[in-house]
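Notes follow the structure.
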Amino acid sequence: MKTKYLILVPDGMADGPVKALGGKTPLEAARTPGFDRMAREGLVGMARTVPKGVIPGSDVANLAILGLDPARYPLQRGAIEAASIGLPARPDTLYFRVNLITVKNDLIADYSAGHIDTKSAVKLLGLINRQVVLNGSLPAGQARLYGGVGYRHTLAWRAPAPFRSVLMSVHLDGPHDLIGRNVGEVLKPYENIPHVMVMQKSRRVMSAFPFNRGRKSPANMIWLWAQGEGKRLPTLRERFGLSGSVVSGVDLIRGLGKLVGLSVFALKRSTGYYDTDFAEKRMAALRELKQKDFVYLHIEAPDEAGHEKNPRMKKKMIETIDQKVLSPILNEVSAWPDRVRILAMPDHPTSCATGRHTSDPVPYVIWDSKSPRSGPAAFTERLAAKSGRILPAFHLLREKFVQMKEGL
Ligand SMILES: [Zn+2]
C-alpha cells in the first residue's frame, strides 16, 4: 500500500475570539464537518510557524510547513517570486520584487497602477528594460526585468558580492504599506544606491509613456523591494523521496513550491480571492494526488477576510473551504486503496481585530485514511491548544506527518 500526502493550508484561518461572532473565533463559529471529522479521527496540536523576532509573513510560515527552518533558510519574497516565474535560483543574483505603481503629486497613490493587466504590463516592462534598466546606466553587473502577473514582476540583478551587499542594505516597504507617502522622502536615505536611482529614473521615463495618457492610475514608476539572493532549497524528493505538486493561486506559494521541487499545477480559474474557483482547486489536488505522492494545496481567501477585518466573511470562507474542498476530499480518499494522510493547518493567524498577521502558534490536525484514532470533537484553536502538544512547525513534516509509517 502506498502512502499519499496532502497538506491543506487555509491561509490566515486561525484567529482570536471575535465579539461579532459571540466571542468565538471564526474557526469555532464556522460549520466545519470536514475539519471536525479530521480532529475526531486524527491528531491535533499547535505549531509555531514563525520564529521569534521574524515578521509573520506567508513566505516564512509556508516554508516552515514545508519542513524547513526559516532561521536556517532565510528567503526574501523577491527570490521566491522569481522562482515562481521560472527564473533559476542563482546565488550571484539579487531578485527584486517589482511593482508597477502610480505616483500622483509626488505621493504613492496606487501600489498596482490600477490593477494593470498582464499584457499591458509586459509591454511596458519591455520599454522600461530598454530605456531604464539596460541602457548602460548601471554601475555594476547585469540587470533585467522579467514579467510576472498583473502589477507584480521581478528584477534580476547579477553582480559581484560587495555590490550585492550594497543593494541589500536598502529596506523598502512594499508600496501597499506606503500609500499616501511622499516618494522623495521614502527614498531619501537611499538616494545614492543604484537600484533606488533606477527607481527614480523609471519615474522620469515612464511618465512620458503614451500608454499612460488618459489613464486614471498611470503606471508611472517601478518600485523595487524585498530583494534577496537566489537560494537552492533541499527538495522533498531529496528529503523524503516524494514527488508532488503545489496547487495555489498565489505567486509566492507557487515559488516556494518550485524551490522545494514541486511542480506547479496551472489553475485556470483561481484568483487568490473570495471568488476563486474552490471546486477547481479540489479537483486539481485530487488529480495530482492520484498521480504523485504529495500535494500542497493553499487557499488564500481566509487571509484576505482577516486583512479586511471581516470576521463574518472569514467564517464563510472557512465554511466554503470545508464544504467545497475538504469534506469531498475526505469522502473520496476514504475509498482509495492507498493510504492518504492529510495535514490541515493555517500558515499564521490573520487577526480580524487588527487586520494583520500574528506570530501566535496555529492549530494543526493530521488525519490518516487507514488509521483513525480518537481526538477532540472539533478542530479549533482552543481545543488544539488544550492538547498540550506544541512544536516548531518545521518539525511537523518530518516527525508527525511523513516519517511515521504506520498509524499516527
Ligand atoms: Zn496575509
Side-chain angles (χ1 to χ4, degrees), residues 7-16 18 25-27 30 47-51 53-66 70 74-81 83-84 97 99 110-112 115 148-152 172-179 223 225-226 228 246-257 267 270-276 278 281 296-321 325 344-364 381 393:
I7 299 184
L8 169 65
V9 180
D11 198 301
M13 175 168 76
D15 211 325
V18 180
T25 70
L27 180 57
R48 285 185 303 269
T49 51
V50 182
V54 174
I55 296 168
S58 287
D59 45 356
V60 168
N62 282 276
L63 187 70
I65 298 175
L66 284 162
L75 274 175
Q76 304 302 323
R77 178 179 280 261
I80 302 170
E81 293 188 10
S84 90
R97 161 67 184 273
N99 278 50
D110 188 336
Y111 65 89
S112 68
H115 282 275
V149 177
Y151 61 90
R152 305 186 302 271
L172 288 178
D173 286 332
H176 54 278
D177 285 328
L178 295 169
I179 299 299
W223 196 262
W225 58 290
V246 57
V247 179
S248 169
V250 174
D251 305 340
L252 189 76
I253 306 299
R254 291 198 293 252
L256 272 180
L267 293 160
S270 155
T271 61
Y273 201 55
Y274 306 141
D275 58 352
T276 201
F278 292 91
K281 285 207 166 146
Y296 198 80
L297 172 57
H298 167 269
I299 302 179
E300 177 76 357
D303 182 57
E304 296 292 336
H307 287 303
E308 291 174 9
K309 304 186 189 174
N310 187 343
R312 287 203 174 80
M313 180 57 93
K314 190 161 174 184
K315 166 176 174 276
K316 188 176 160 199
M317 287 300 119
I318 295 168
E319 289 176 338
T320 306
I321 291 170
V325 181
M345 64 189 293
D347 45 357
H348 50 71
T350 305
S351 162
C352 283
T354 64
R356 300 182 74 98
H357 298 173
T358 81
S359 312
D360 296 336
V362 294
Y364 70 82
E381 296 88 345

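Index from 1, following the sequence. All ligand and atom numbering here is 1-based and tracks the order in the structure.
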For S248, does its backbone N or O pair with a side-chain atom of R254 as donor and acceptor, under 3.5 Å? yes

Taking the side chain as every heavy atom from C-beta outward, state whether D347 and T49 have any atom pair closer than 4.5 Å. no

Sub-3.5 Å donor-acceptor pair from the side chain of T25 to the main-chain atoms of D15, do we have one? no

Under 2.8 Å from the Zn ion (ligand 1), the protein N, O or S atoms, given as residue and atom: D303 OD1, D303 OD2, H307 NE2, H357 NE2

Do you see a donor-acceptor pair shorter than 3.5 Å between the side chains of N62 and Y296? yes

Would you check if the distance from the ring center of H176 to the ring center of W225 is below 6.0 Å? yes

Where do V18 and P26 come nearest, in terms of heavy atoms and distance? CG2-CD, 4.0 Å

